[in-house]
Amino acid sequence: MTTTSPAAERAARARAARRQLATDGIDGVVFGWVDNAGLTRVKSVPLAQLEHAAEFGVGSVPVYDLVLVDDSVTTSPSSTGPVGDLRLVPDLDRLTPLAAQPGWAWAPADRYAQDGTPHPGCQRGFARRAAEAVERRGLSVRAGIEVEWVVADATGAPATDGPANGMTSFVELSDYLRDVLRALTEQGLSVLQLHPEYATGQFEVSIAAEGPVGAADTTMLVRHTIRAVSARHGLRVSYAPVFTEGAIGNGGHLHLSLWRHGQNLGQGGPGRHGLHPEAEQFLAGVLTELPALLALGAPGVASYLRLVPAHFAGAYRCWGLENREAALRLIAGSASGQANAELKCFDAAANPYLAIGSVLAAGLAGLDAGLPLPPETPNDPAALDGAERLPASLPEAVDAYEKSAVLRQALGRELYEAVLAVRRAEVELFAARTDAEVIEAVRWRY
Ligand code: GLU
Ligand code: MG
């Protein structure tokens with residue numbers, strides 16, 4: 001019997017994929033990954049190098065674990081700083097020709113050490129470990145992140161000023177939206193909805209739920225695709241938490257459902273609104289860790305300019321059926337199997353791998369401890385005495401993160417400390433700036 005190493009297997013798969021891609025007119029492949037600040041970074045190779053890149057990876061600087069939203073670099077006790085190298089290895093399962101960038105294909109990448117062992121700071125690896133921990137309990141999770149963005153013209157002003165959810169925006173940008181829809185669909189993504197959102201020039205797309213790592217990959221691909229389509233129309237995209245001071249921001253709502261043996265544990269159970277005990281405990285775990293989770297799901301100083309009451313952002317630590325001001329909105333779903341929970345407090349600056357992985361870790365901690373789900377908040381929490389606001393600033397979220405044994409354990413020392421270092425450094429970076437200056441500084445970064 002012959003055994004092949006994972007690297008040799010990847011090379012063999014890349015060889016087969018290369019032939020198909022050549023037939024499809026692909027010249028090069030871009031490898032994407034998302035850093036701790038929430039920015040997507042890429043490297044690319046010509047098609048002829050795909051096999052080599054799949055086998056050995058391409059060089060990737062570890063210092064990107066410590067890069068901030070403005071590309072400045074901080075330090076962390078467990079990272080090697082400017083020394084060393086990592087290997088960026090494409091996941092060929094998600095190799096996708098890019099509809100809006102003819103000649104290019106894309107793949108999400110994992111980061112490995114030079115000896116072939118997984119890099120402990122790899123965010124995608126973390127999400128995969130979290131998903132595996134769910135599977136070890138005989139469960140599975142289906143997830144999806146809604147992508148919201150503001151589209152602007154070349155001057156940086158919103159490309160339409162139609163009313164919220166309005167036909168005006170939809171008609172004025174009709175060809176653009178068709179091209180977004182077409183590109184996503186051509187890339188094999190299952191689009192559920194596409195529509196103008198509340199804020200001026202804001203749109204939203206949602207994609208069918210899938211496994212946790214796949215959902216994070218899809219989020220990266222969707223954002224990349226929208227950006228590429230926008231560029232072809234001479235438009236710019238902002239995924240920043242806030243585009244205009246005081247206005248509704250760009251959320252990155254995370255939808256989750258927990259399953260056992262093909263059954264959605266969010267419906268048909270004995271608990272509130274049909275929740276099964278495991279789903280209640282899972283949600284209780286998420287609510288318990290929510291202030292700390294915000295350091296991952298609402299990662300920037302600007303995130304807290306979005307996360308305020310009456311902004312559909314879920315600024316209160318509570319849950320409720322169809323309650324859009326609760327951080328955790330329970331959705332009954334109109335069809336069987338569709339019940340899910342929506343974490344509304346996360347925004348579009350979040351690294352989707354960190355966001356999803358950490359929520360899974362928090363949910364599992366709740367499940368393992370058999371945590372009870374607190375009483376439901378059926379109305380707008382702003383109108384209630386004693387409703388608990390989520391952290392109102394990044395330093396508050398970082399305090400909670402520092403106290404979270406669950407996240408420390410799940411992320412592992414190196415990733416946990418790198419995230420902490422980046423968050424603290426961004427707090428410092430923006431300490432002397434006004435809200436307007438913070439918004440301005442990050443508007444086009446994510
Ligand atoms: N844009 C809102 C946010 O910042 C969400 C609007 C909605 O989809 O309910 O989260
Ligand atoms: Mg929305």
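Remember, it's 1-based here, ligands and their atoms both numbered in the order they're listed. Just so you know, these numbers use all the heavy atoms, side chains as well, and skip hydrogens, waters and symmetry mates. All values reported here derive from a predicted model rather than from experimental measurement.
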Query raised in the report: Between Arg443 and Glu440, is there a salt bridge with N-O shorter than 4.0 Å?
Result: yes

Query raised in the report: In terms of side-chain geometry, is the basic nitrogen of Arg413 or Glu417 positioned less than 4.0 Å from the acidic oxygen of its partner?
Result: yes

Report task. Could you tell me which atoms of ligand 1, counted from 1 in the order shown, lie closer than 4.0 angstrom to a heavy atom of Lys344? Result -> 9 (O)

Query raised in the report: Can you name the one residue among Trp444, Tyr198, Phe203 that meets ring pair (Phe, Tyr, Trp, His ring centres under 6.0 Å) with Phe243?
Result: Trp444

Requested in this report: Would you mind listing which atoms of ligand 1 come within a distance below 4.0 Å of any non-hydrogen atom of Glu204?
Outcome: 8 (O)

Report task. Tell me which protein heavy atom sits closest to atom 1 (N) of ligand 1, plus the residue, atom name and distance to 0.1 Å. Result -> Glu148 OE1, 2.7 Å

Requested in this report: May I ask you to say whether Arg94 pairs ionically with Glu210, meaning some side-chain N is under 4.0 Å from a carboxylate O?
Outcome: yes

Query raised in the report: Should Arg423 and Glu402 count as an ion pair when the cut-off is N to O under 4.0 Å?
Result: no

Query raised in the report: Are a donor atom and an acceptor atom from the side chains of Tyr239 and Asp347 found within less than 3.5 Å of each other?
Result: no

Query raised in the report: Polar-atom distance check: Ala313 versus ligand 1, any N or O pair below 3.5 Å?
Result: no

Query - Identity and distance of the protein heavy atom lying nearest atom 4 (O) of ligand 1 - result: Arg306 NE, 2.7 Å

Query raised in the report: Any chance the side chains of Thr96 and Gln187 put a donor and an acceptor closer than 3.5 Å?
Result: no

Query raised in the report: If you count the atoms of ligand 1 from 1 in the order shown, which ones are under 4.0 Å from a heavy atom of Ile248?
Result: 1 (N), 2 (C)

**Report entry** More than 12 heavy atoms from other groups under 6.0 Å of OH on Tyr64
**Finding:** no

Report task. Taking only heavy atoms of Gly251 into account, list the atoms of ligand 1 that are under 4.0 Å away from them. Result -> 3 (C), 4 (O), 10 (O)

Requested in this report: Specify the protein heavy atom at minimum distance from atom 8 (O) of ligand 1: its residue, its atom name, and the distance to 0.1 Å.
Outcome: Glu197 OE2, 3.0 Å

Report summary line: Under 4.0 Å from one or more heavy atoms of His253, ligand 1 contributes atoms 3 (C), 5 (C), 7 (C), 8 (O), 9 (O), 10 (O)

Query - Listed protein N/O/S atoms, distance to the Mg ion (ligand 2) under 2.8 Å - result: Glu148 OE2, Glu197 OE2, Glu204 OE1

Requested in this report: Mind listing the closest non-hydrogen atom pair of Ala298 and Ser303 along with its distance?
Outcome: C-OG, 3.3 Å

**Report entry** Non-neighbouring partners of Tyr416 that pass ring pair (Phe, Tyr, Trp, His ring centres under 6.0 Å), sequence neighbours left out
**Finding:** Tyr401

